[in-house]
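These notes are about the structure you will find just below.
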Protein chains: 2
Amino acid sequence: MHESAWERDEGAGPKLDGELRSAFGIREEIERRVRSGIWAPGERLTSERDLAEHFETTRVTLREALSMLESEGRLYREDRRGWFVAPPRLVYDPTERGTFDRTARAQGRVPVTRLLDFAVVPCAPRVSALLALPVGLPILRIRRQRFLDGRAVLYVEHHLQPDAFPGLETADLTGSMTEIYERDYGFSYGGMVFEITTVGLHPAAAEPLRMAVGSPGLLVTRAHDDRAGRRVDCDFEYWRHDAILVRVAA
Amino acid sequence: MHESAWERDEGAGPKLDGELRSAFGIREEIERRVRSGIWAPGERLTSERDLAEHFETTRVTLREALSMLESEGRLYREDRRGWFVAPPRLVYDPTERGTFDRTARAQGRVPVTRLLDFAVVPCAPRVSALLALPVGLPILRIRRQRFLDGRAVLYVEHHLQPDAFPGLETADLTGSMTEIYERDYGFSYGGMVFEITTVGLHPAAAEPLRMAVGSPGLLVTRAHDDRAGRRVDCDFEYWRHDAILVRVAA
DNA sequence: AAGTGGTCTAGACCACCAG
DNA sequence: TGGTGGTCTAGACCACTTG
């Protein structure tokens, strides 16, 4: 019976009062408003207390409905800041290199990158596995935060061998890493590997994404080789799960 | 401060009573038991009421903790059946063809496929976009359910042109579709495209996965061409988000 | 300072699953 | 049929964001 929620024509009428008061009914009504454009992408919803009153229910039930829409990617929240209508997903191809800015602009979005920090740190086990370096060896770590139309959608960690990139700290680290590699160090890429998996966000990723710790995220891990087959770098991309659609042609 | 939850050594001691009673503290304690193997993969947890009593909290808070672990992929639930410890993820490469069985066995898992149905249906819009066929044209749809070690992890819909595969209904549809194409119809593949995105499960996918409608899932969409560049088929794979890790070498 | 989201309590009823 | 998970109520306090 509820199957209709996913098959319904756009123009279907409002639900009965009884259904409106359940979490599922509220979910449907909000989804209808979002799809019809009554609530526009990026718009902040009114407070949970107001919405709960409007739907004649409690905050717990209302939040249940909002959470459903969050896991579907129609709404998103910023920790303690409120609920917002989710913008369209960015179509993203992890096999291409240094394309965040270009891809975003090609899709009519406004990308911004912020450098969080730049440090030499001991090689962590997961990095060791990807770069084939001993755990504890000093390596370069660059952490960045990336925005789409003002919304933080991505937290990235780049890990690379420090001796292969002397003087990297003087480069502009808010653009494409690939361009820097090519222009300043004459690197050209060979193969690559990527992984995609769902994760619960740890604090280091949750905070720059303005999400609550433990929220679901999509982790895209990438590792690149140069033409000689040497592993050059790897990165860990923590995406808001609702901000991205991966598309790859093989 | 809570950052330690993701960095802590395996052998760290139990938390203070105060922390144990918060959803986050409970999350940590359960995670510890899962990681240490006290609770084994596939094992069913005791009832929510028992757990709530054990942690001296209410069911609402307890469920909050369980939900965190669910979104992290450490626990999973089967609708109305209870909570279970999640088995390891299947490492899966969508660019390979017909590999569910082989991949699963190579990773020491026991795969099973069940045919749900086989029908000629009107071409849906999303299928039309992938197969470049008019909406409404009759096409073949095969729906299957796939298990890993007895757990339903995948619901798949295959869509193909009926006239290209006469007599397909007589084949064994619980194995690799690719093998059937090649052996019975002499097809050989050219390129392919795949997409990965998070979704809220609609009823048709949620039910065979034994999940609640609206739960988060991972949708892997694939479309294959033959060597002449003709689009042969497409499929929609709805995975339990915690059952899969996509890995692709490009 | 006010209002917000995040969290928690202590109940309750229902539909469903298993014994 | 008893126990389970799913859902819901009607409050409450706190930390934080915002004006």
Side-chain angles (χ1 to χ4, degrees), chain A residues 1-2 5 17-28 30 43-71 75-85 152 200-201 203 206-207 209-216, chain B residues 1-2 17-30 43-71 75-85 152 200-201 203 206-207 209-216:
Chain A
M1 176 263 262
H2 276 150
D17 275 354
E19 297 188 24
L20 257 184
R21 276 205 279 273
S22 73
F24 199 91
I26 295 166
R27 187 209 82 90
E28 289 190 56
I30 295 178
E43 188 175 333
R44 184 177 177 284
L45 272 56
T46 52
S47 78
E48 293 180 357
R49 285 169 178 84
D50 284 355
L51 288 169
E53 189 182 9
H54 175 261
F55 288 111
E56 299 179 276
T57 186
T58 59
R59 274 183 68 210
V60 174
T61 302
L62 189 265
R63 279 170 65 86
E64 182 64 26
L66 296 175
S67 296
M68 289 183 205
L69 290 158
E70 182 187 31
S71 79
L75 298 182
Y76 70 96
R77 70 177 115 175
E78 296 198 357
D79 197 26
R80 290 175 189 283
R81 257 165 284 253
W83 294 85
F84 303 82
V85 178
L201 295 175
E207 201 248 335
L209 290 174
R210 311 188 96 170
M211 295 178 79
V213 165
S215 313
Chain B
M1 173 265 259
H2 275 150
D17 274 354
E19 298 187 24
L20 257 183
R21 275 204 279 272
S22 73
F24 199 92
I26 294 166
R27 188 209 81 91
E28 290 190 55
E29 176 57 25
I30 295 177
E43 188 175 332
R44 184 177 177 283
L45 272 54
T46 52
S47 78
E48 293 181 358
R49 286 168 177 84
D50 285 354
L51 288 169
E53 189 182 11
H54 176 260
F55 288 112
E56 299 179 275
T57 186
T58 60
R59 274 183 69 209
V60 174
T61 302
L62 189 264
R63 278 170 67 86
E64 182 64 26
L66 296 175
S67 296
M68 290 184 206
L69 289 159
E70 182 187 32
S71 79
L75 298 182
Y76 70 97
R77 70 178 116 174
E78 297 197 358
D79 198 27
R80 291 177 187 281
R81 258 165 283 254
W83 293 85
F84 303 81
V85 178
L201 295 175
E207 201 246 337
L209 290 175
R210 313 188 95 168
M211 295 176 79
V213 165
S215 313

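Chain letters run A, B, ... following the sequence lines, proteins first and then strands; every chain starts at 1.
Here the nucleotide nearest the side chain of B:T61, chosen from D:dA10, C:dC8, C:dG5, is C:dC8. Residue A:S47 places its side chain closer to C:dT4 than to any other of D:dG5, C:dT4, C:dT7. Nearest nucleotide to the A:V60 side chain, out of D:dG11, C:dG5, C:dA10: D:dG11.
Contact annotation for A:R59: base contact, defined as any heavy-atom pair under 4.0 Å involving a base atom.
For A:R44, the salt bridge (charged side-chain N to carboxylate O under 4.0 Å, His left out) test picks out no residue, with sequence neighbours left out. In this structure, the side-chain hydrogen bond (donor to acceptor under 3.5 Å, both in side chains) partners of A:T58, at least two apart in sequence or on a different chain, are A:T61. Under the salt bridge (charged side-chain N to carboxylate O under 4.0 Å, His left out) criterion, A:R210 pairs with A:E78, not counting sequence neighbours. A:E48 meets the salt bridge (charged side-chain N to carboxylate O under 4.0 Å, His left out) test with A:R59, A:R63; sequence neighbours excluded.
The shortest non-hydrogen separation linking A:R77 to A:F84 is CA-CD1, 4.5 Å. Across all non-hydrogen atoms, the minimal contact from B:S71 to A:G214 is OG-O, 3.1 Å.
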Summarise how protein sits on nucleotides 14-19 of chain C as a single string, 5' to 3': B when a protein heavy atom is under 4.0 Å from the base, S for sugar-phosphate-only contact, - for no contact. -BS---
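The phosphate of D:dT9 has OP1 or OP2 within less than 4.0 Å of a side-chain N or O from A:T57.
Taking 4.5 Å as the limit, every side-chain heavy atom of B:L201 sits out of range of all side-chain heavy atoms of B:V213.
To the nearest 0.5 Å, atoms CG (B:L62) and CH2 (B:W83) are separated by 9.0 Å.
Axis angle between the ends of the helix from C:dA1-D:dT18 to C:dA18-D:dT1, five pairs each and rounded to 10 degrees, works out to 10°.
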